[in-house]
Amino acid sequence: MPQVELQFGGGLESLTGGNKVVPANFSGEQVVLGRVIDWIRTCLIKEKHEYFVQGEHIRPGILVLINDVDWELEGKTSYVIQEGDRITFISTLHGG
Amino acid sequence: MKRLCSHCGKSFANILVGREDKYLCRCCFFEYFEDTVHRTIVEECLLQPGERIAIGASGGKDSTVLAYVLKLLNERYYYNWDLWLLSIDEGIQGYRDDSLRTVEQNRDDYNLPLYTLSYSELYNWTMDQVVSQIGRKSNCTFCGVFRRQALDKGTEKIQANVLATGHNADDIAETILLNLLRGDHARFSRSVMEENANYRMSIDSDSKKIRRVKPLKRVYEKEIVMYAYFKKLKYFATECIYAPFAYRGHAREYLKSLERIRPHSISDILYSLSCISLEDSKTRVGQQCIRCGSISSQNICKACLLRTSLDRGQGVLAVKRSGMAILSKNTVESEIPQTVSESSTESNIS
Ligand SMILES: [Zn+2]
Ligand SMILES: [Zn+2]
Ligand SMILES: [Zn+2]
């Protein structure tokens, strides 16, 4: 049952009711990041889901970090989450 | 499975840059980012030692990172730049008030002087008032024209002759794409020529004209956001409440989707841009607006035109939704041409 800390920034916190940090628990052995994203989309975000996920993918322009490491270096959605992981989502699309 | 930094080989990598085999640790990424900006400034002679520089500051990520990096380079290389933050207050309640607070935070954090100029003092119209007259369809056109001129006026007021804005590689590709998609050849040519301009030549030839420079032009949006994140810079990240209706947003999304399929999309667009050469025949130099004295290709500049239309309660009529700019045709003789092409004017904040 890995517990993780989800962080939202760059304007994405507006999707989580202004919460920049959200703790979450997941049951099961091999929980991949894709499942976490799915959970955020279906359970955490109440409206404007398309601002977070489009189709199968996370919205282009959102950066994801796993313990401060670019998820592109960690296998993206196939990354298996570990106890205490900090997953950060930052939008690059807002403002100038 | 952690990877070591491809530059120092000592620390674990934090970020993938340049879309390919460059993965850097935090320290090497800072160095890479700052060096890229510095090389842009040096190689393209964007900024001269000792000069006063206005930094267009919106409180957003781009201008916050720009102010931070310029200050850092100034201290690192003893450029003796006189850096100023220049902020434009569009008069949008609940949006600009908050972002101005972020700019004030920048002022205090980086110890830089701040000069603020508002649409209401320049044009006697706030964006809230503009929107209440014309609605939310073409408001970004007004805002873009007003902002461009307001930044010029502000730069003049603080007696700087160069204006640095936070536009990054993504922004530039987006603008080029947008103008291409709209079929607005006048604006397209202008943006191509602006991007490809060589400042080395223009510095001494025309010292009165304000130079607009983009020191972040070679770094990507992702790198800017990562830089701000790892440096823990505070910036304002709320979309302008009037922006979601702008066509630019769609171009941006489109570009980001292209990038997912083809990671080099943006650098490819920028490469194509650098290969375009256009005859600079259309530019009439040295002409000034007879109303406000701004440099303008017409007798009356676009900002004055739009303002007049608002004063007459005809703001809606002033913007024509088709691609061709009536203003770009030389044939309009009447004192106030009635339309301004929407496509020719909208610009983004950065
Ligand atoms: Zn931007
Ligand atoms: Zn390194
Ligand atoms: Zn004028």
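Letters A, B, ... mirror the listed sequences (proteins, then strands); counts begin at 1.
Counting only N and O atoms by type, the side chains of N168(B) and E221(B) include a donor and acceptor under 3.5 Å apart. A donor atom on one side chain and an acceptor atom on the other are found under 3.5 Å apart for E34(B) and Y227(B).
For chain B, the option among I66(A), N67(A), T88(A) with the highest count of heavy-atom pairs below 4.5 Å is T88(A).
The backbone N or O of V80(A) lies less than 3.5 Å from a partner atom in the side chain of Q82(A), making a donor-acceptor pair.
At a 4.5 Å heavy-atom cutoff, the contact between I58(A) and chain B is made by backbone atoms alone. At a 4.5 Å heavy-atom cutoff, the contact between L65(A) and chain B is made by side-chain atoms alone. Contacts of F12(B) with chain A are absent, with no heavy-atom separation under 4.5 Å from either backbone or side chain.
Remark: R59(A) fails to qualify as a cation-pi partner of F52(A) under the 6.0 Å distance and 45° angle criteria applied to the six-membered ring.
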